[in-house]
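As a basis for the values below, the full set of heavy atoms in this structure was taken, side chains included, without hydrogen atoms, waters or symmetry mates. Just so you know, these numbers come straight off a predicted model, no measurement behind them.
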Amino acid sequence: MTQQPPKKRAPRVLVTTPYLEPGGAVDTMLRDAGLETVFARRADREAAGRSLTEYVTDVAGIVAGTDAFPAEVIEAAPGLRVFGRCGAGYDNIDVATATRRGVAVTFTPGANRVSVAEHVLALMLNCARRIPQNLAAVRAGGWTQDSGRELYGTTLGVVGLGSIGKTVARAALALGMRVVAHDPRLDEDFLAETGARALPLDDVLAEADFLTLHISLNETTRHLIDAAALRLMKPGAYLINTARGGVVDEDALADAIEGGRLAGAALDVVESEPLPAGSRLRALDSVLVTAHIGAATVEARARSGAMAAGQVIDLLAGRDPAHLVNPGYAVAGAGAGAR
């Protein structure tokens, strides 16, 4: 009787994205591609009393949410070949270490474009009409009718005119706002089509009644909006940040609002999430903070999860993923025992 060779184990994919569930569409998608899935979302790990490092030792791919993947976690995963990051940002992954180890890092640009843009509009309207403050006053038995502001005729400054920034700009123009924008790589066709104006950053800061940020976080953009930048802004302006918390110096922002320079701010992202109990921003009535929910819609999450999983499947099957952050990963990892 001929002995059958042992069955080859399917590559394992770790899922840490909190809104993806066992048995859900992404789980099914990965399993249908012949992959084994392991779920280790933060709540799962905390319930099991285990660290993220313990889950990565034998995985080939990771579908990642906002959990941090520093060098030590990546180094603990000798078989890791690809990250599929659910979202447009990937600063939570040590891309340099991944590249050195021969690990591809992918992301899902555009998947949350509409959801984030709609959240920006909601934040602007809430700032302009002070809706949260009025709701709180009514619940407390009051009936105040303070004057708000119209968006129509005001100027929106957009810093970062990528997919989300363009969508916000189009919506603002439809509301009758004027749009000025800054981006090192401007889309001239978009500007010609919409009538949005490209300006240097300092001029955008000076002209904006509402300033919205749509840039990635890196060493050149960390605290881009600092005390000096805030001093350039128009008195009574509002700052909206749905990009990354580290782009804004929060102490400088608190100073600008406490000093009456800015009318307020609306932040969906902060430097340390969740917002620390001792943050000065908590005490400011004119600062609205949401819990990083700009992309938290059923539609955006479905698109993002499917895109991230699809890219993990593609790479593990030998195909090039659609949205690769580090195209030099294979070369860089060649000397480090990479596949």
Side-chain angles (χ1 to χ4, degrees), residues 66 68 87-92 112 116-117 119-128 132 154-162 164-165 168-169 172 179-184 199-296:
T66 57
Y90 44 85
D91 50 283
N92 58 313
N112 60 14
V116 175
H119 195 59
V120 171
L121 292 180
L123 292 175
M124 284 200 296
L125 286 164
N126 274 282
C127 283
T154 61
T155 297
L156 175 67
V158 182
V159 179
L161 203 59
I164 296 172
V168 172
V179 174
V180 295
H182 174 76
D183 192 303
L199 295 175
L201 177 60
D202 287 359
D203 292 341
V204 170
L205 294 172
E207 294 194 20
D209 296 296
F210 295 86
L211 182 74
T212 180
L213 308 177
H214 301 287
I215 53 178
S216 59
L217 177 63
N218 54 50
E219 289 313 306
T220 64
T221 61
R222 185 174 296 279
H223 285 190
L224 178 70
I225 307 301
D226 58 8
L230 292 166
R231 281 195 295 270
L232 293 174
M233 291 183 67
K234 184 184 296 186
Y238 290 89
L239 173 67
I240 314 293
N241 187 15
T242 58
R244 285 293 183 267
V247 173
V248 176
D249 182 335
E250 292 175 3
D251 280 331
L253 176 61
D255 288 341
I257 294 173
E258 288 174 350
R261 177 71 188 179
L262 297 186
L267 312 174
D268 187 49
V269 289
V270 290
E271 288 200 76
S272 179
E273 296 182 5
L275 184 67
S279 170
R280 292 170 63 194
L281 300 176
R282 286 186 179 272
L284 298 175
D285 177 66
S286 56
V287 174
L288 309 180
V289 181
T290 53
H292 205 153
I293 60 170

Below 3.5 Å, can you tabulate the donor-acceptor pairs from side chains in residues 246-254 to any protein atom, sequence neighbours excluded?
{"unit_1": "Asp249", "atom_1": "OD1", "unit_2": "Asp251", "atom_2": "N", "d": "3.2"}
{"unit_1": "Asp249", "atom_1": "OD1", "unit_2": "Ala252", "atom_2": "N", "d": "3.1"}
{"unit_1": "Glu250", "atom_1": "OE2", "unit_2": "Glu271", "atom_2": "N", "d": "2.7"}

**Item:** Contacts of type side chain to side chain donor-acceptor pair (under 3.5 Å), residue Asp226, not counting sequence neighbours
**Value:**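 By the side chain to side chain donor-acceptor pair (under 3.5 Å) rule, Asp226 matches no residue at all.
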
Side chain proximity check, [X] to [Y], heavy atoms < 4.5 angstrom:
X	Y	value
Ile164	Asn112	yes
Val270	Ser279	no
Val158	Val179	yes
Leu156	Met124	yes

What distance do [X] atom [atom1] and [Y] atom [atom2] have between them, rounded to the nearest 0.5 Å?
X	Y	atom1	atom2	value
Leu230	Leu211	CG	CG	9.0 Å
Asp202	Met233	CG	CE	12.0 Å
Phe210	Leu121	CZ	CG	11.0 Å
Thr220	Asn218	OG1	CG	3.5 Å
Leu161	His214	CG	NE2	9.0 Å
His223	Thr221	NE2	OG1	10.5 Å

Give every donor-acceptor pair under 3.5 Å between a side-chain atom in residues 236-245 and any protein atom, sequence neighbours left out.
{"unit_1": "Asn241", "atom_1": "OD1", "unit_2": "Ala243", "atom_2": "N", "d": "3.0"}
{"unit_1": "Asn241", "atom_1": "ND2", "unit_2": "Arg244", "atom_2": "O", "d": "3.1"}
{"unit_1": "Arg244", "atom_1": "NE", "unit_2": "Asp91", "atom_2": "OD1", "d": "2.7"}

Could you pull out the closest heavy-atom pair between [X] and [Y], with the gap in Å?
X	Y	result
Leu232	Arg261	C-NH2, 4.1 Å
Arg282	Leu275	NH2-O, 2.6 Å
Ala266	Leu123	CB-CB, 3.8 Å
Leu224	Ala229	O-CB, 3.7 Å
Ser286	Ile257	OG-CG2, 3.3 Å

**Prompt:** Applying salt bridge (Lys or Arg N to Asp or Glu O under 4.0 Å), which residue pairs with at least one partner in residues 229-240 are found, sequence neighbours left out?
**Reply:**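 Found Asp209-Lys234.
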
**Message:** Checking side-chain polar atoms at under 3.5 Å, does Thr290 have a donor or acceptor matched by the opposite partner on Asp268?
**Reply:**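 Indeed, the side chains of Thr290 and Asp268 share at least one donor-acceptor pair under 3.5 Å.
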
**Prompt:** How far apart are the C-alpha atoms of Leu201 and Val159, what are their side-chain angles, what is the distance that settles it, and do they pass the side chain to side chain contact (heavy atoms under 4.5 Å, CB included) test?
**Reply:** CA-CA 8 Å; Leu201 177 60; Val159 179; 3.8 Å; yes

**Item:** N/O donor-acceptor pair under 3.5 Å between His182 side chain and Leu199 backbone
**Value:**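 The answer is yes, because a donor-acceptor pair under 3.5 Å joins these two groups.
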
**Item:** Partner set under salt bridge (charged side-chain N to carboxylate O under 4.0 Å, His left out) for Asp285, not counting sequence neighbours
**Value:**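 Result, salt bridge (charged side-chain N to carboxylate O under 4.0 Å, His left out) vs Asp285: Arg130.
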
**Message:** Suppose we screen for salt bridge (charged side-chain N to carboxylate O under 4.0 Å, His left out). Which residues come up paired with Glu258, at least two apart in sequence or across chains?
**Reply:**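 Testing Glu258 for salt bridge (charged side-chain N to carboxylate O under 4.0 Å, His left out), a comparison that skips the adjacent residues, returns Arg280.
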
